[in-house]
Amino acid sequence: MTDKKFYIETYGCQMNFADSEIVNSILLEEGMKPVHEAEEADVVLVNTCSIRENAETKVWNRLKELRSIKKENGELTVGVLGCMAERIKDKIIEQEHLVDIVVGPDAYRDIPRLLEEVDDGRKAVNVLLSLEETYADIAPVRTTGNGVNAFVSIMRGCDNMCAFCVVPFTRGRERSRPMESILREIKELSDQGYKEVTLLGQNVNSYLDGENTFTKLMDEASKVDPEMRFRFSSPHPKDFPDDLLHLIAERPNLCNYIHIPAQAGSDTMLERMRRPYTREQYLDLVEKMKSIIPRVSLSTDIIAGFCDETEEEHQQTMSLMKEVEYDLAYMFAYSERERTLAHRKFEDNVPEDVKKKRLSEIITQQMEIQARRNQNEIGNRHVVLVEGTSKRSDEQMSGRTDTNKMVVFDRKDFKPGDYVEVEITGATSATLLARPIGKTTLQDYYGAEVAAA
Ligand code: 5AD
Ligand code: SF4
């Protein structure tokens, strides 16, 4: 196995990117060498996403491209990892030369053995899901990041069973990673100079390790390094803990930003989606967030055109979004997935053009809200964590506020990982422009609050 060159490419959510870092670690441990392009590799692994049809289409197209590279280089091994593994498993029997190895999200430790099977001329498959695997003892190897932000996976799988969602089937049952292994990883990241950690899980507020809840985990994490910022994704509106809101309000390094997926704005639709909360309960939660954390910034996920959606239900989604005024929203047209409750019980009966029209209404309204909210930022001061040079110009740096807004400002002598106090001078719907005031630290900037906490 040693000496083989490998390349991993990743599609889908942050959780998938975190998983690729685990696979990285497993392959490096085997003595394999990472390369930067598929063309240079002996083994190409594609970490895949199934969440919507177009996510899968992207992967299928890429696999076809890889097949043509394979035709020129007969030695190339192509593997599929992640959420599409189960589905691809069935297809590799029919499509002879597509891929050599298929590995589900809980079987990554088995990759070295599977690669050996391929060397012996067999196809190798392991898509078994596990009730325990959390890869707690594997230290992810981060090769693609900026050295400032890191993702740390705190749990795997999902038990929510929202009617539209394939994740419980691709990633299996929910399980939490032991708290001490998470805290150890955070400490190592802090020692390596990372400045921001996002804790990841499909449903972080049901995190449970013995007595340790998600609030306890955030409490302990924030104390590991007071100059390290923490975010998390994603919580569920159904059992969001109050004590976490108070903790976020108190601690300067817990970001005032919460991603709180609503999915829809009417009780009838929420019920069909099997989302166990009402519009009123959701709005009450949002009110509580805004009152306990006055500067809080909120984002959400919305699905347009789910089964049987009426115009009235669509309008309620629009009105919910207007009422909350999210700073950011991820908005999707419903895409039917096999095995889900919706696939088994309901009909995907909102015509494609109606889905598109509703989605575009939702997006247009949201862009207006964002543009307005960003305009209102002009004159405000923020602490920005510098992530790198701006995409547009080398003379500018970019980074995010505590409230997760992207800010661009003059380079001066700022470096990635610096905290810079800025004053906002301009805005678009996606980015804020600012005048840098000077370097700072969380403890200096929020000094008084730290002393009180
Ligand atoms: N169709 C469209 N969007 C979906 N999501 C999950 N499943 C589907 C689907 N079948 C969206 C949800 C979820 C986000 C990660 O993706 O909004 O919160
Ligand atoms: Fe992530 Fe869901 Fe896509 Fe899997 S299906 S990669 S969990 S977004």
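Both ligands and their constituent atoms are indexed starting at 1 by order of listing. Just so it is clear, the model here is predicted, and its values are computed rather than measured.
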In ligand 1, which numbered atoms sit nearer than 4.0 Å to a non-hydrogen atom of [X]?
| X | value |
| --- | --- |
| Ile303 | 3 (N), 4 (C), 5 (N), 12 (C), 17 (O) |
| Gln263 | 12 (C), 13 (C), 17 (O), 18 (O) |
| Arg52 | 1 (N), 2 (C), 3 (N), 4 (C), 5 (N), 11 (C), 16 (O) |

Just heavy atoms, cut-off under 4.0 Å: does Cys162 contact ligand 1 by side chain, backbone, both, or neither?
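Neither part.
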
Below a 4.0 angstrom heavy-atom separation, can you tell me which part of Phe332, side chain or backbone, both or neither, approaches ligand 1?
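Side chain only.
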
Summary of ring-ring contact (aromatic ring centres under 6.0 Å, His included) pairs that have at least one residue in residues 197-217, sequence neighbours excluded:
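Qualifying pairs, neighbours excluded: Phe214-Phe232.
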
Applying side-chain contact (heavy atoms from CB on, under 4.5 Å) to Leu385 and Val420, what does each step give before you reach the verdict?
CA-CA 6 Å; Leu385 173 59; Val420 177; over 6 Å; no

Nearest candidate to atom 18 (O) of ligand 1, where distance is taken over non-hydrogen atoms, out of Asp301, Thr340, Asn54, Val167
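Among Asp301, Thr340, Asn54, Val167, the closest heavy atom to atom 18 (O) of ligand 1 comes from Asp301.
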
Which of the listed options, Gly305, Cys165, Ser335, holds the heavy atom that is closest to atom 9 (C) of ligand 1?
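Residue with the shortest heavy-atom distance to the ligand atom: Ser335.
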
Parallel, tilted or perpendicular: which describes the rings of Tyr282 and Tyr326, with under 30° parallel and over 60° perpendicular?
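The arrangement is tilted - the two ring planes meet at 30° to 60°.
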
Is it true that Asn47 and Ser20 share a donor-acceptor pair across their side chains at a distance under 3.5 Å?
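On atom types as modelled, these side chains qualify, holding a pair under 3.5 Å.
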
Under the salt bridge (charged side-chain N to carboxylate O under 4.0 Å, His left out) rule, collect the residues that match up with Glu65, sequence neighbours excluded.
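In terms of salt bridge (charged side-chain N to carboxylate O under 4.0 Å, His left out), with neighbours along the sequence ignored, Glu65 is linked to Arg62.
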
Donor-acceptor under 3.5 Å (Gln281 side chain, Thr278 main chain)
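Judged by distance alone, yes, a pair lies under 3.5 Å.
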
Within less than 4.0 angstrom of ligand 1, does Ala333 place any heavy atom?
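So Ala333 counts as touching ligand 1.
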
